[in-house]
Structures are given as structure tokens and as C-alpha cells.
Protein chains: 2
Amino acid sequence: MKVFGKRTSEGSRQITQKKEKLKNFLKEKGLKSTRQRDLIASEFLKIGEHITAEELYREINKKYSDIGYTTVYRTLKLLNKSGLAAERVFADNLTRYEPLSAEDHHDHLICMKCGSITEFQELKIERLQDRVAEEFGFLAVSHKMELYGYCNKCKDNA
Amino acid sequence: MKVFGKRTSEGSRQITQKKEKLKNFLKEKGLKSTRQRDLIASEFLKIGEHITAEELYREINKKYSDIGYTTVYRTLKLLNKSGLAAERVFADNLTRYEPLSAEDHHDHLICMKCGSITEFQELKIERLQDRVAEEFGFLAVSHKMELYGYCNKCKDNA
DNA sequence: CATCTAATTGAAAATGAATTTCAATTTCCT
DNA sequence: AGGAAATTGAAATTCATTTTCAATTAGATG
Ligand SMILES: [Mn+2]
Ligand SMILES: [Mn+2]
Ligand SMILES: [Zn+2]
Ligand SMILES: [Zn+2]
């Protein structure tokens with residue numbers, strides 16, 4: 001099993017690369033590159049966590065108080081459509097975003113006490129999921145798997 | 001792998017049993033048995049599907065137009081707390097409820113075209129999930145696993 | 001560079017499911 | 001039957017998300 005551990009913010013190399021991808025996506029779709037989109041994407045990629053639009057907005061707002069919540073919200077949607085961000089909804093029913101690279105599919109362990117999110121990839125489970133789908137003649141496109149409980153830090157000192 | 005297939009509405013025997021359980025729960029908690037709770041529970045158990053409060057309310061309302069939405073909503077919460085109903089939120093972000101027996105944990109295949117929901121149980125996956133949690137020193141309490149795609153009927157005539 | 005058009009922006013309003021409030025009613029214990 | 005406490009249903013509220021709209025901006029064209 002591959003362990004991701006704590007999400008580390010990406011190197012500036014990858015960030016530059018991703019921002020290039022975004023630009024291409026925008027041009028392709030006849031959309032425009034703007035100062036706001038650029039700054040929001042930069043901050044989002046730099047933070048690199050599972051973050052809500054609201055949270056990202058607060059961060060952005062510290063540095064760039066002229067950028068509105070709506071634009072942050074819309075830019076996250078855009079990043080999602082362009083394949084640079086994944087949209088996630090965990091048990092608290094808030095929509096979160098995380099930077100996504102093409103091949104890094106993973107699932108989540110979510111601590112019900114401290115809220116920490118740990119990522120994992122378990123190919124054996126993925127294979128079994130495909131098999132289940134197959135047995136039902138179901139064409140699987142995506143899946144969602146989340147384990148809820150208490151993380152290593154929280155499980156003792158409850 | 002155990003196949004549940006289509007959820008069949010429960011026999012009147014099981015329904016009676018569950019309603020007994022509800023009564024016990026209410027008494028235990030110092031809550032009251034009411035005509036509304038009885039009727040809502042009956043209808044819910046009879047329908048036996050993954051249903052929203054709104055949908056259940058509409059059904060109830062056909063027969064008992066004096067029962068309000070709020071009471072349906074609250075009774076579903078109650079059924080959940082008493083262990084008779086499971087609360088589920090799939091990708092459409094609506095809260096659904098389904099009758100639940102103590103030991104029938106299962107996960108879901110959800111058709112993105114027709115919305116049909118198929119249930120399955122795959123113990124191998126469950127075991128692997130436990131192992132993943134263990135590797136992280138994570139104390140797993142519950143999990144959520146949903147496969148999204150196209151059901152047998154929908155995958156061809158798209 | 002100037003012009004033009006379509007896209008973008010940000011504030012405010014709208015949406016919609018979930019939840020809470022509150023006065024009237026009902027349950028059920030004594 | 002009496003009375004305290006729980007319940008009910010309509011309406012109001014909450015809160016994240018999404019949409020609206022008038023003003024601004026990007027960037028294509030000449
Ligand atoms: Mn993740
Ligand atoms: Mn189910
Ligand atoms: Zn924790
Ligand atoms: Zn289908």
C-alpha cells in the first residue's frame with residue numbers, strides 16, 4: 001500500500017506546470033486568463049490541502065482584499081473542470097477541493113475528532129470494487145470510499 | 001459476495017417487530033408514542049427504499065394529510081437514532097433513509113443515469129479496509145463506499 | 001494603440017434542503 | 001381527571017451554494 005501521509009505543498013515546478021495547464025484549458029474553452037484566476041490558483045496549489053471555498057477565500061483575502069468570495073468559488077469550479085482539482089464532500093457536507101494530478105487517485109481516512117484527513121491507495125480494494133461492479137453488469141465510472149474513526153493521535157486521549 | 005438485489009419491502013412480521021423496537025426505544029428515552037410516529041414508521045418500513053424525508057412526506061400526505069413534513073423529518077431522525085434506519089447521502093447531496101437491521105451492513109452501486117441503487121456486501125473489501133486503518137494506527141468506526149457508473153440497463157442504451 | 005465584443009468580476013439576492021422556533025395540542029404518569 | 005412534559009405543524013431561520021446583474025476587463029482585430 002502506498003502511503004501519502006501528510007499532503008506536502010507542491011514544489012514551485014509543479015505549480016508552474018499546473019498553471020500552464022490551466023492557461024491552456026482557458027484558451028481552449030475561449031475563457032480568459034485573469035489576475036484573479038492566477039492568484040487564486042497559485043494560492044490553492046500552494047496550500048495543497050482539502051480546503052473549502054470559504055477557507056481559501058479567507059486566505060486569499062488576507063493578501064488580496066479586492067478578490068471576492070464568488071470568484072474564489074468560481075475558480076475552484078473551473079480548476080475542477082480543468083482536471084486540476086478534485087471536489088470532495090465528506091461527512092460534514094461541506095464541499096472541499098484538493099489539487100489533483102492525473103494519476104493520483106486515492107481515498108481517505110477521516111478523523112471524527114480532530115478532522116485530520118489521511119490519504120491512501122489500496123489497489124487490492126480497487127480491483128475488488130471492479131469485480132463487484134462486473135458481477136452486477138455495472139459499468140463503474142468512479143467511486144467514493146471514506147473510512148471514519150479516530151486517528152492515531154486522537155484514539156487514546158479521547 | 002452476498003447479493004441483495006432489489007430491496008423487497010419487509011414482511012409484516014418484521015415490520016411489527018421493528019415497530020416494537022421503536023416503542024421500546026421511545027419508552028427508554030422518556031419519549032412518547034404517537035399516532036404520527038406510528039404511521040410514519042409503518043409507511044417507511046413498508047416502502048423500504050432509500051427515500052428522502054420529502055418523498056416519504058409526499059407518500060404519507062396522500063393518506064394522512066394532517067401529518068406535516070416536519071414530523072416526518074423528525075421521525076426519520078428518531079428512527080435513525082434508534083437504529084432502525086440508516087441515513088445516507090449519495091452524490092446528489094440529499095439525505096436519504098433506509099430501513100436497517102442490526103447486521104445487514106452493505107454498500108452501494110449507484111446508476112448515474114436512472115438513479116437506481118443496488119446493494120452489495122464484499123467481506124474481502126471490508127477486511128482490507130480494516131487493514132488499511134490498522135496500518136495508520138487509525139481506529140475505524142464506520143465507512144462509506146459507493147460505486148458510481150451505469151447500471152446494466154443503462155450502460156448500453158445511453 | 002484604439003476599438004469592440006464577450007468574458008469576468010464582486011456584491012447582493014436567490015435558492016433549497018435542513019433545522020429551529022413557538023403556540024397549540026396530545027400523551028401518559030399519578 | 002389533572003397536570004407536567006413531550007409532540008406537533010406551520011412558519012421562520014439557517015447556511016452553504018448558486019445565480020443575477022451592472023460595471024469592469026481581457027484580448028482579438030485592425
Ligand atoms: Mn485527498
Ligand atoms: Mn442501502
Ligand atoms: Zn484525530
Ligand atoms: Zn441505470
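No hydrogens, no waters, no symmetry mates; every other heavy atom, side chains included, goes into these values. Every chain is numbered from 1, with letters handed out A, B, ... down the list of sequences.
The interatomic distance linking B:Leu31 (CG) with D:dT7 (C1') rounds to 10 Å, in whole Å. Between the CZ atom of A:Arg74 and the P atom of C:dA11 there is a distance of 11 Å, rounded to whole Å. Across the protein-nucleic acid pair, A:Lys32 atom NZ and D:dT24 atom P stand 16 Å apart, rounded to whole Å. Rounded to an integer number of Å, the gap from CD of A:Glu55 to P of D:dA16 is 11 Å. Between the CG atom of A:Asn93 and the C1' atom of C:dT19 there is a distance of 13 Å, rounded to whole Å. Separating the CD atom of B:Glu54 from the C1' atom of C:dG16 is a distance of 11 Å, rounded to the nearest angstrom. Between A:Arg96 atom CZ and D:dA16 atom P the separation is 11 Å, expressed in whole Å. Remark: P of C:dT8 and CG of A:Leu76 are 15 Å apart, rounded to the nearest angstrom.
At least one side-chain nitrogen or oxygen of A:Thr71 sits closer than 4.0 Å to the OP1 or OP2 atom of C:dG10. For B:Thr52 and C:dA17, the shortest distance from a side-chain N or O to OP1 or OP2 is not below 4.0 Å. Contact between the side-chain N/O atoms of A:Tyr73 and the OP1/OP2 oxygens of D:dT18 is found at a separation under 4.0 Å. Of the side-chain N and O atoms in B:Lys77, one or more sit less than 4.0 angstrom from OP1 or OP2 of C:dT19. For C:dT27, the OP1/OP2 oxygens have no side-chain nitrogen or oxygen of B:Gln36 closer than 4.0 Å. Distances shorter than 4.0 Å separate some side-chain N or O of A:Arg37 from OP1 or OP2 on C:dT8.
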- Apply the test side chain to side chain contact (heavy atoms under 4.5 Å, CB included) to residues B:Tyr64 and B:Arg35: give CA-CA distance (whole Å), side-chain angles for both, the deciding distance (0.1 Å), then the verdict. CA-CA 11 Å; B:Tyr64 314 103; B:Arg35 168 182 159 270; 4.2 Å; yes

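Relative ring orientation between B:Tyr69 and B:Tyr73 is described as parallel, the plane-to-plane angle staying below 30° on a 0-90° scale split at 30° and 60°.
Closest to the side chain of B:Tyr69, out of C:dT19, C:dT9, D:dG27, is C:dT19.
A:Cys151 SG to A:Met112 CE: the interatomic distance, rounded to the nearest 0.5 Å, is 12.0 Å.
A donor-acceptor pair shorter than 3.5 Å cannot be found between the side chains of A:His106 and A:Glu122.
At a threshold of 4.0 angstrom between heavy atoms, the contacts of A:Thr70 include nucleobase atoms, whether or not backbone atoms are also involved. In this structure, B:Lys29 reaches neither bases nor backbone, as no heavy-atom distance under 4.0 Å exists between it and the strands shown.
For the pair A:Asp66 and B:Ala53, nearest-nucleotide mapping onto DNA chain C gives the more 5' position to A:Asp66.
Comment: A:Lys144 engages A:Glu146 in a salt bridge, judged by a side-chain N to carboxylate O separation of less than 4.0 angstrom.
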